[in-house]
There are 2 protein chains.
Amino acid sequence: MVTMRDVAERANVSIATVSFVLNGTKRVAPETRTRIEAAIEELGYRRNVVARALASSRTRILALLHPDLEARPNATVIQFVMSAAHGARERGYDLVLWPVNGDEQMSHLLAGGLVDGALLMEVQIHDPRVDRLIASRLPFALIGRTEDEDLPFVDIDFVTTIDQALAHLRSYGHRRVALVTQRTKAPSGHEPGRIMRVESAYRDAMAALGEPPAVITVAGTSAGGREAARALAEDAPEATAVILVNEGASAGLVKGSRELGRSVPGDLSVISASTTAELGEMIEPSLTVMAAPAPQLGRLGVNALIDQLEGVQDALPHILIPCTLVPGQSVGPARPS
Amino acid sequence: MVTMRDVAERANVSIATVSFVLNGTKRVAPETRTRIEAAIEELGYRRNVVARALASSRTRILALLHPDLEARPNATVIQFVMSAAHGARERGYDLVLWPVNGDEQMSHLLAGGLVDGALLMEVQIHDPRVDRLIASRLPFALIGRTEDEDLPFVDIDFVTTIDQALAHLRSYGHRRVALVTQRTKAPSGHEPGRIMRVESAYRDAMAALGEPPAVITVAGTSAGGREAARALAEDAPEATAVILVNEGASAGLVKGSRELGRSVPGDLSVISASTTAELGEMIEPSLTVMAAPAPQLGRLGVNALIDQLEGVQDALPHILIPCTLVPGQSVGPARPS
DNA sequence: CTGAAAGCGCTTACAG
DNA sequence: CTGAAAGCGCTTACAG
């Protein structure tokens, strides 16, 4: 292994000077710099990141705290992960996967000194991980929000997303629009913040329109989607359209409706929000989708975190981006009532 | 920050002794050990992983070299990633995401000293990443295989998978079965090994059955699936069933067939191999699937790598696991010809 | 502009 | 069974 010492010897300087040119931390005479750069090149030298981390107490490693992804459709989560990995790499950081199941994982994260900061996905309304991060003073950024919106976050703008979905449906004559959200195994208060925010955005919008709301909550699976179809038919038969914020249930909802003799979009128009167009295309008919800004949010989250670490930030980042409408074939004119 | 020195002082021993009990590397008198453990507990000490890595030249970090995942369905890849992350954590290792796009990323990996080993996904028949890993002597394990099967790998047993899929179809009376595989942007020889292996397993099996093969290669997208449906109808009209090894094209194939007036499974039976049951359920009709053993393979791959690092291995691991048949509604009796 | 030296927090022969 | 000390490969005040 070629070390900084080797480079220093070949260039006839001290290792300190080598370090200065490598990091650009101090000015170095042009000839000296050239000599060092030549030596680096000739020896194929690459700085040892572990030694650097120990000496500088900065590892340039970030943790990505993510939920356990299951086999069910997870297109948006994948986009978060991938865009975060790329964003980190572009700024010279590495991203380590940190599946958090309990306290043991958090201790390893906080006390081991491996990471400079953490990026949290699937943030809960009241998130114990956030409490522990704050207590330990490890820098972090959220993809999503807790109750406390003073923390650095990037998130989907659900208010605008719901408003646009409703506007789209209303342009087709729909007035009674139901909402299908996701049920999780998490105890109350620990659901992803998204679920609460979507529901309240929907209720506000419906109230403003003077229409009665109808909210159905089901698991994020095909079976959940079928359950939603049944609940719609039985409990909200007057709804001619539905906004779905439940990626995993979208296929089941359409299949279940058809099984109940309700065609999409003939009898029921469907918009699936916070998902990807590719997933919508898998379904028959292709779903009209509000595509999640996941590719942007992963990057923005990483950048918010790194800015914080490097002291670049002016203020705490509070970034909200709405989903984008991608029309498919699942929205049609409201059936006359 | 509480260091080993703090623990040593409180327990009235040297830091060497603390290190010995922490690592179990040398026997320590029971009373001494108890004293040290108490001190660790009281101080809430946790070993600094960076210092440990520098001193021991083992970082206990593994790199997961993965392709760029796009928005299209990627259920099996996700299962690989998640099970690898869990497997690593269970053995005390961390997993860092390593999207490899070019040589720059490989250099960073090989020379930076950050990782003890690498796990490769989407291995190509001739994979330049493998060449570089071998040259650099960084330990690695493959999820998939290159041409050279002497390297440590875990992979799907495509021969058995294809045989079982064919047997299932033949039990429904199908004799002419086509294969749909995936086209990639990669130059020839650099496709994922899977594609070549699936095709040759299929050709061998069809030859053994005395039936003519028909192979169609399309992109892993909905549009690709539609293209496959068209090609099947035009170029292989005698095929009454198709085995699909192209997760992203599955939905498009079914939708495209229907658009051409061919119903599934009435006119065409479909088995989607190397995917997940959950994805199959999203489609109408629910696809009969050969579920990929992705949750096992991620773990097995990590374990193979760690065994190698820790010298536990007896021999190079060459592990093959077939997919598992999960019946759906996309296979029916062959139409009379 | 450059260097000698301390130090980051551990592990690990080597002595005793 | 335990300790003193060298060393892992860097960064960073401090001197000059």
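Every chain is numbered from 1 and lettered A, B, ... according to where its sequence line falls, protein lines coming before strand lines. All values reported here derive from a predicted model rather than from experimental measurement. These numbers come from the heavy atoms of this one structure, side chains and all, not from hydrogens, waters or symmetry mates.
A distance of 11.5 Å separates CD of B:E310 from CD of B:Q308, quoted to the nearest 0.5 Å. Taking CG of B:N48 as the start and OG1 of B:T3 as the end, the distance is 9.5 Å to the nearest 0.5 Å.
With contacts defined as side-chain heavy-atom distances shorter than 4.5 Å, the pair A:R33/A:F20 does not qualify. Using a 4.5 Å cut-off on side-chain heavy atoms (C-beta onward), A:L22 and A:Y45 make contact.
If you check D:dG3, D:dT11, C:dT2 against the side chain of B:V13, the one that comes closest is D:dG3. The side chain of B:M1 has C:dG9 as its nearest neighbour among D:dT2, C:dG9, D:dC1. Distances from the side chain of B:F20 to the nucleotides C:dT12, D:dT11, C:dT2 place C:dT12 closest. Listed candidates were D:dT11, D:dT2, C:dT2. Nearest to the side chain of A:T32 is C:dT2. Counting only heavy atoms from C-beta on, B:M4 has its side chain closest to C:dC10 among C:dT2, D:dT12, C:dC10.
Phosphate proximity of C:dG3 to A:S14: present, with a side-chain N or O under 4.0 Å from OP1 or OP2. Checking the phosphate oxygens (OP1, OP2) of C:dC8, no side-chain nitrogen or oxygen of B:N48 falls inside 4.0 Å. Of the side-chain N and O atoms in A:R47, one or more sit less than 4.0 angstrom from OP1 or OP2 of D:dT11. Contact annotation: B:Y45 reaches the phosphate of C:dC10 (side-chain N/O to OP1 or OP2, under 4.0 Å).
Protein atom CD1 of B:I36 is 10 Å distant from nucleotide atom C1' of D:dT2, rounded to whole Å. Taking atom CG of residue A:L43 and atom P of nucleotide D:dG9, one finds them 15 Å apart after rounding to whole Å. For B:R5 and C:dC10, the CZ to C1' distance is 10 Å, given to the nearest whole Å. If you measure from atom CD1 of A:I15 to atom C1' of C:dA4, you get 10 Å, rounded to the nearest angstrom. Rounded to whole Å, atom P of C:dG9 lies 9 Å from atom CG of B:D6. D:dT11 atom P lies 12 Å from atom CZ of A:R58, rounded to whole Å. To the nearest angstrom, C1' of C:dT11 lies 12 Å from CG of A:L54. Distance, B:K26 NZ to C:dA15 P: 12 Å, rounded to whole Å.
A donor-acceptor contact closer than 3.5 angstrom links the side chains of A:R91 and A:N303.
For the pair B:A55 and B:N12, nearest-nucleotide mapping onto DNA chain D gives the more 5' position to B:N12. Comparing A:A51 and A:V28 against DNA chain C, the residue whose closest nucleotide sits nearer the 5' end is A:V28. Nucleotides of DNA chain C nearest to B:R52 and A:R35 differ in position, and the one nearer the 5' end is that of A:R35.
Across all strands shown, nothing is found opposite D:dA4 as a Watson-Crick or G-U wobble partner with both distances under 3.5 Å. With both pairing distances under 3.5 Å, D:dA13 is matched to nothing as a Watson-Crick or G-U wobble pair.
Side-chain N or O atoms of B:R35 include one that pairs as donor or acceptor with a backbone N or O of B:A11 at under 3.5 Å.
In this structure, A:S19 reaches the bases: a heavy-atom distance under 4.0 Å links it to at least one base atom across the strands shown. Counting non-hydrogen atoms under 4.0 angstrom, A:A16 reaches a base of the nucleic acid.
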